[in-house]
Amino acid sequence: MSGNVVTDLTQSFNSNTSRSLENGHNSLPNSPLKFFARAKSRSNDIFKGILDFVSEAETFLQDIKGKENEEYKVIHPFLEMVKGIIEKLNRDHMKVVFFGRTSNGKSTVINAMLRNSILPSGIGHTTHCFLQVEGTEASEGFLLTDDSEDPKSISSIKQLASALSTMKLKENSLIRIVWPNDKCRLLKEDVVFVDSPGIDITPDLDSWIDQFCLDADVFVLVGNAESTLMQTEKNFFHKVSSRLSKPNIFILQNRWDLSVDEEDAYEVKEQHYTRNTHFLTDELKVADKQEAKNRIFFISAKEALISRLHEDSKKSIPTGSLQKKFAERLSAFENFETAFEVCISRSAVQTKFQTHSERGKKIIADLKKIMMRTHTDCSKACEDQFHKRKETIDELSYLDKQLDLLTEEMKQKIENTVEKVEKHVSFVLNEEIKQLSALVDDFCTSFHPDNLVMSVYKKELHNHIEEGLGRNVQQRCSSEVHQQVENTQKEITDRLAALLKDEERAQLNNALSPCNFEMSYKLDCRNLCSEFEEDIQFRFSLGISSLMHRFLGTKRMKHTLGGGQNYIPRPVNSSTVMSHESDLYQHINEVLMSVTTSYAIITPRSTMGGIVAGLVLKVTGWKVVVAVGSLYCVLYLYEWLSWTNKSMERRFKSQFVEYAASKLRLIVDMTSFNCSHQVQ
């Protein structure tokens with residue numbers, strides 16, 4: 001995993017450090033600083049992959065176990081941790097901090113490495129606060145201070161940072177100088193320079209270390225070749241060493257150009273080597289003697305800056321600016337830069353990425369344990385579910401077969417129930433039709449032969465028959481039909497419940513609602529009897545037509561009277577029947593005319609009848625005939641006088657019962673089938 005990032009890149013780094021380096025504007029392909037960039041890029045890629053894996057694992061655990069699961073709660077923070085590492089990796093850079101006493105040339109050294117006079121420098125105490133130089137992709141540089149986020153002009157650096165300015169900031173303040181990357185190769189390679197005030201002007205060194213040194217990769221102690229290593233400088237680095245494990249320290253003996261005319265320059269140089277080596281190896285114990293000698297350089301930062309400024313501007317160096325043996329000191333400065341790049345690359349990878357790598361390994365290890373445990377649980381769950389599925393399939397197969405048998409049995413049961421209901425309803429309907437006359441007799445309302453009154457009378461009679469007949473049928477059928485339906489449903493439920501488990505049987509009982517079946521017995525008497533036409537005209541019971549209708553029947557009577565033609569009697573409007581005695585004689589005359597006419601019609605057709613009539617008249621005499629005729633007229637008069645509305649209503653009801661019964665018998669089968677269909 002990412003634990004091998006540092007090791008792999010260190011091997012690549014070691015294979016390139018033996019090659020020569022030079023300090024120019026363009027980054028060399030084999031520059032040690034590329035080591036940090038490759039490590040940063042590879043670490044970013046690895047942690048992005050870890051982020052994807054953690055995200056997938058979190059989603060998977062959330063889907064199968066939910067957010068309240070303990071394993072999900074363990075993995076969820078990993079997501080934010082990895083995101084934080086990626087964000088920090090993007091901000092990580094190589095940081096070098098320059099310390100030393102006042103006027104030792106710390107700012108000049110940084111300017112020489114940047115190949116530009118960015119930081120304020122000169123004689124005396126010039127840098128009053130901390131200055132951080134970092135790169136940017138912008139084309140112009142700017143300043144950022146702690147008290148404001150607004151960028152400031154580079155030209156204001158001397159007013160804010162110089163100890164000689166009245167507008168200077170506090171000593172523990174930080175000014176960030178953001179400088180274009182294309183103007184300095186070191187900035188382009190993510191190197192950040194931090195310049196500090198002199199460590200001999202303030203006792204508050206602990207706060208300096210906490211604020212600016214804990215994340216530094218390299219410390220550069222800039223000393224003065226004219227003086228030896230002071231106790232103030234030693235005390236500061238002892239504090240740094242107590243906070244950081246084996247800090248990387250370089251010692252620059254600046255202003256070595258002043259020793260060119262000294263006779264004992266070599267002895268002084270050896271003295272500096274001895275004291276500085278003793279400080280690094282014996283006091284701080286951060287390097288061995290050989291490594292300590294490779295960390296000590298005798299330079300002239302001023303000469304290096306002048307040389308590089310004129311080299312970049314392609315101008316000639318003024319006479320007297322450089323002292324004798326300048327090339328030796330410039331070579332020492334370049335050797336320092338080479339050793340510095342090698343050290344800071346290796347140190348930055350160790351300090352910046354090693355910790356992230358260890359955290360990444362721990363996250364992956366913990367995640368692996370959780371996912372392996374989850375995989376084991378899922379495998380076991382899959383196996384259990386497979387067995388449960390097989391058992392469920394077998395159980396469902398058994399239930400299917402049992403349900404098929406139950407379905408066939410219940411279909412037959414339902415058919416039997418439906419058949420019983422149909423027969424019962426048919427029987428009850430026929431019984432009620434036989435008793436229809438009693439139901440019609442119970443209907444009481446005013447009767448009159450007027451057409452309008454008759455229409456209302458018929459409508460109310462239809463409603464009475466429909467409601468009464470439906471009520472009687474329902475009273476006689478509902479209880480028995482309901483009992484049969486309830487028994488059949490209970491039998492189906494019991495048979496089905498026998499196939500279920502106890503908990504499922506309870507759910508079945510809760511799901512089934514009680515039987516609230518109500519059968520509808522709708523009999524549409526209005527439409528059935530809509531063609532009924534009553535005949536309530538007065539007809540004498542001993543009249544010729546009545547007697548012929550009684551003995552010959554309707555068809556034979558019509559044939560006899562009409563000679564095979566349909567006889568159409570003169571219609572008599574029932575409304576013209578008079579109830580007053582003043583019309584009696586007129587009516588009798590009409591009757592006698594009717595009898596005479598009938599006799600005249602019948603006589604030619606029956607010679608035998610005429611002979612018989614003549615014999616009767618001869619035998620009995622005319623007195624008997626007159627007496628019989630008088631009796632006939634008295635009977636006629638009696639019947640005519642008794643022909644009231646009540647008589648008309650009785651005849652109407654008798655005709656209606658006969659007609660309605662014949663119609664209702666036609667729908668008995670249909671009604672019983674409809675009821676059986678409702679039950680089904």
Side-chain angles (χ1 to χ4, degrees), residues 2-14 16-17 32-33 35-36 39-40 43 88-89 92-100 106 109 190-196 199 205-223 229-253 272-297 335-361:
S2 59
N4 298 325
V5 172
V6 177
T7 303
D8 295 344
L9 291 174
T10 301
Q11 294 174 355
S12 174
F13 170 80
N14 291 332
N16 294 327
T17 52
L33 299 178
F35 175 59
F36 179 82
K40 182 176 181 179
S43 296
K88 192 171 182 181
L89 282 173
D92 280 342
H93 46 249
M94 295 174 283
K95 184 175 181 180
V96 54
V97 183
F98 291 80
F99 281 100
K106 300 182 295 297
V109 173
D190 277 343
V191 179
V192 174
F193 297 86
V194 177
D195 190 12
S196 64
I199 59 177
L205 299 179
D206 291 335
S207 65
W208 286 12
I209 296 172
D210 293 337
Q211 283 184 267
F212 308 108
C213 300
L214 293 182
D215 61 341
D217 299 300
V218 172
F219 294 89
V220 178
L221 173 59
V222 181
L229 189 64
M230 305 298 293
Q231 191 61 40
T232 304
E233 297 164 326
K234 289 184 177 182
N235 290 338
F236 175 78
F237 280 101
H238 276 295
K239 291 179 179 292
V240 171
S241 182
S242 65
R243 302 287 183 88
L244 300 175
S245 176
K246 296 185 67 175
N248 296 299
I249 301 174
F250 285 85
I251 299 178
L252 299 181
Q253 295 296 149
H272 283 308
Y273 263 125
T274 301
R275 292 180 62 86
N276 292 339
T277 301
H278 176 76
F279 174 65
L280 294 176
T281 57
D282 298 336
E283 295 186 32
L284 295 181
K285 298 180 180 180
V286 296
D288 54 27
K289 290 187 177 181
Q290 183 60 41
E291 187 179 1
K293 286 186 178 182
N294 295 332
R295 299 284 183 90
I296 303 170
F297 300 90
N335 290 337
F336 155 68
E337 288 180 319
T338 300
F340 160 76
E341 291 182 12
V342 172
C343 180
I344 196 172
S345 294
R346 179 182 297 169
S347 175
V349 169
Q350 292 290 335
T351 57
K352 298 299 190 300
F353 304 141
Q354 185 67 38
T355 303
H356 299 330
S357 177
E358 294 299 328
R359 290 182 65 189
K361 285 198 298 183

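Computed from a predicted model, the values in this text were never measured in an experiment. Values below: every heavy atom of this structure, side chains too, minus hydrogens, waters and symmetry copies.
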Any donor-acceptor pair under 3.5 Å linking the side chain of Ser345 with the backbone of Glu341?
-> yes
Taking every non-hydrogen atom, the tightest pair across Leu284 and His238 = CD2-ND1, 3.7 Å
Does the Ser347 side chain pair with the main chain of Asp217, one donor and one acceptor, at a distance under 3.5 Å?
-> yes
Answer whether the closest heavy-atom distance between the side chains of Val220 and Phe336 falls below 4.5 Å.
-> yes
Mind checking salt bridge (charged side-chain N to carboxylate O under 4.0 Å, His left out) for Lys293 and listing every partner two or more places apart, or none if nothing turns up?
-> none
Per side-chain contact (heavy atoms from CB on, under 4.5 Å), Phe193 is matched among Val96, Val109, Val97 by Val96
Starting at CZ of Phe236, measure out to CD of Gln231 and round the result to the nearest 0.5 Å.
-> 14.0 Å
Asp195: salt bridge (charged side-chain N to carboxylate O under 4.0 Å, His left out) partners, not counting sequence neighbours = none
Are any of the side-chain heavy atoms of Ile296 and His272 separated by less than 4.5 Å?
-> no
Supply the atom-to-atom distance Ile344 CD1 to Glu337 CD, rounded to the nearest 0.5 angstrom.
-> 12.0 Å
Is the shortest heavy-atom distance from the side chain of Val191 to the side chain of His93 under 4.5 Å?
-> no
Any idea which heavy atoms bring Asp282 and His278 closest together, and the distance?
-> OD2-ND1, 2.6 Å
Look at the side chain of Thr281 and the backbone N and O of Asp288, then say whether any donor-acceptor pair between them is shorter than 3.5 Å.
-> no
Would you call Lys40 and Met94 a side-chain contact if the rule is heavy atoms closer than 4.5 Å?
-> no
Ser242 side chain to Lys239 main-chain N or O, any donor-acceptor pair under 3.5 Å?
-> yes
Does the side chain of Leu221 reach to within under 4.5 Å of the side chain of Asn276, using non-hydrogen atoms?
-> no
Ala292 and Thr277 have their tightest heavy-atom pair at CB-CG2, 3.9 Å
Which heavy atom in Arg295 sits nearest to a heavy atom in Cys343, and how many Å separate them?
-> NH2-SG, 3.8 Å
Classify the angle between the aromatic ring planes of Phe297 and Phe250 as parallel (below 30°), tilted (30 to 60°) or perpendicular (above 60°).
-> parallel
Residue pair Ile199 / Thr232: nearest heavy atoms and the distance that separates them = O-CG2, 3.7 Å
